[in-house]
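The model shown is predicted, which means the values in this text are computed figures rather than measured ones. When reading the values below, keep in mind they use all heavy atoms of this one structure, side chains included, and skip hydrogens, waters and symmetry mates.
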Amino acid sequence: MPNYDAFVSDPVYDRLGVGYSAVRATDPRIAAAIDEALGGARTVLNVGAGTGSYEQLGRDVTAVEPSPEMIRQRPAGAAPVVQATAEDLPFDDDSFDAAMAIISDHHWSDRAAGMAELRRVARERVVVLNADPSFAPRFWLSRDYLPAFLDSVPAPYRRAGHWIDELEGLLGEIEVRPVPIPHDCHDGFYYAYWRRPHAFLDQRVRNGISIFHQLPEAAVAEALDRLRRDLDDGTWDERYAELREQEELDVGLRLVVARVG
């Protein structure tokens, strides 16, 4: 089994995290899906918590985040945070009703170890939200403008079902729930702007998306130049007119729920 961390390399969040909280916010519709997946859990560990999105769930949340820059940007009133990594959680076995990782596990240095730690500290369930890598070729930005992104996905993860099978191997029996992305998604991750192509031309937006910091600068610059031209002359709207009519889109975002108790 290949290491998942080959999919996206270390993002060095103390560098790219500057300004992160300005574009990465809680989307209430995604938050509702996470809240439902957590079920009756009262105490929750949020691993790879970043600046605190998806912690306002009416539960007793403890955050884990390795980056001092991310921790610095957490707002007043955010959940208490411990500086630590997913692979070595400083908590006893069964310390929380649930453990969750929200669009973060692809940044861990050892994904298998991190998932084992989530299982260890959770009494009832583990909840993971992330994008299935096999959907990457379906997204217009990756497919038609930024093929370097597709090249960064290891071959096994391009195969439908591989990512889910791997998670089941790490977590045990799982339930998989699709999470469609609304066209006005408040959380500015890579796929959030599927109907707002001009957003990718904004440096502030790209600063909150790790892949733009990891791909070769020349590849990113070429993609942005082509996108800008296609937006200016109407090519993008002609090519993707059907997207303008859709309120939400399945871009491969999946909630994975493992009951471990």
[Y] and [X], any side-chain heavy atoms less than 4.5 Å apart:
| X | Y | result |
| --- | --- | --- |
| Ser134 | His162 | no |
| Asp202 | Tyr193 | no |
| Val47 | Ser104 | no |
| Ile102 | Ser53 | no |
| Thr235 | Arg229 | no |
| Leu249 | Arg195 | no |
| Glu87 | Ser109 | yes |

Applying salt bridge (Lys or Arg N to Asp or Glu O under 4.0 Å), name anything that partners Asp184, two or more places apart in sequence or on another chain.
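In terms of salt bridge (Lys or Arg N to Asp or Glu O under 4.0 Å), with neighbours along the sequence ignored, Asp184 is linked to Arg29.
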Can you name the salt bridge (Lys or Arg N to Asp or Glu O under 4.0 Å) partners of Asp225, sequence neighbours left out?
Arg228
Strictly by salt bridge (charged side-chain N to carboxylate O under 4.0 Å, His left out), give each pair with a member in [range] just once, sequence neighbours left out.
| range | result |
| --- | --- |
| residues 250-261 | Glu175-Arg259, Asp250-Arg254 |
| residues 42-57 | Glu55-Arg74 |
| residues 112-131 | Asp93-Arg120, Asp97-Arg123, Glu117-Arg120 |

Run the side chain to side chain contact (heavy atoms under 4.5 Å, CB included) test on Asp105 and Leu118 for me, step by step, so that the C-alpha distance in whole Å, both residues' side-chain angles and the decisive distance to 0.1 Å come before the verdict.
CA-CA 11 Å; Asp105 62 287; Leu118 264 62; over 6 Å; no
Between Asp35 and Arg59, is there a salt bridge with N-O shorter than 4.0 Å?
yes
Phe139: ring pair (Phe, Tyr, Trp, His ring centres under 6.0 Å) partners, not counting sequence neighbours
Tyr190, Tyr191
Determine which pairs satisfy ring-ring contact (aromatic ring centres under 6.0 Å, His included) with at least one residue from [range], sequence neighbours left out, and list them in order.
| range | result |
| --- | --- |
| residues 40-71 | none |
| residues 215-257 | Trp140-Trp236, Trp140-Tyr240, Trp236-Tyr240 |
| residues 59-105 | Phe91-Phe96 |

Who clusters with Val81? Use side-chain heavy atoms, under 4.5 angstrom, across I, L, V, M, F, W and Y, and order the result by chain and number.
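Besides Val81, the cluster holds Ile71.
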With sequence neighbours left out, write down each residue that passes side-chain contact (heavy atoms from CB on, under 4.5 Å) with Arg206, or none if nothing qualifies.
Gln203, Phe212, Leu224
For Glu242, is the CD atom crowded, meaning more than 12 foreign heavy atoms sit under 6.0 Å from it?
yes
Please tabulate, for the side chains in residues 215-223, all donor-acceptor contacts under 3.5 angstrom to protein atoms that are two or more places apart in sequence or on a different chain.
none

Determine, using the 4.5 Å side-chain heavy-atom cutoff (strictly less than), whether Phe135 and Val176 are members of one ILVMFWY cluster.
no
Using only atom types and a distance under 3.5 Å, with no angle test, would you say the side chain of Ser95 pairs donor to acceptor with the backbone of Asp92?
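It does hold such a pair.
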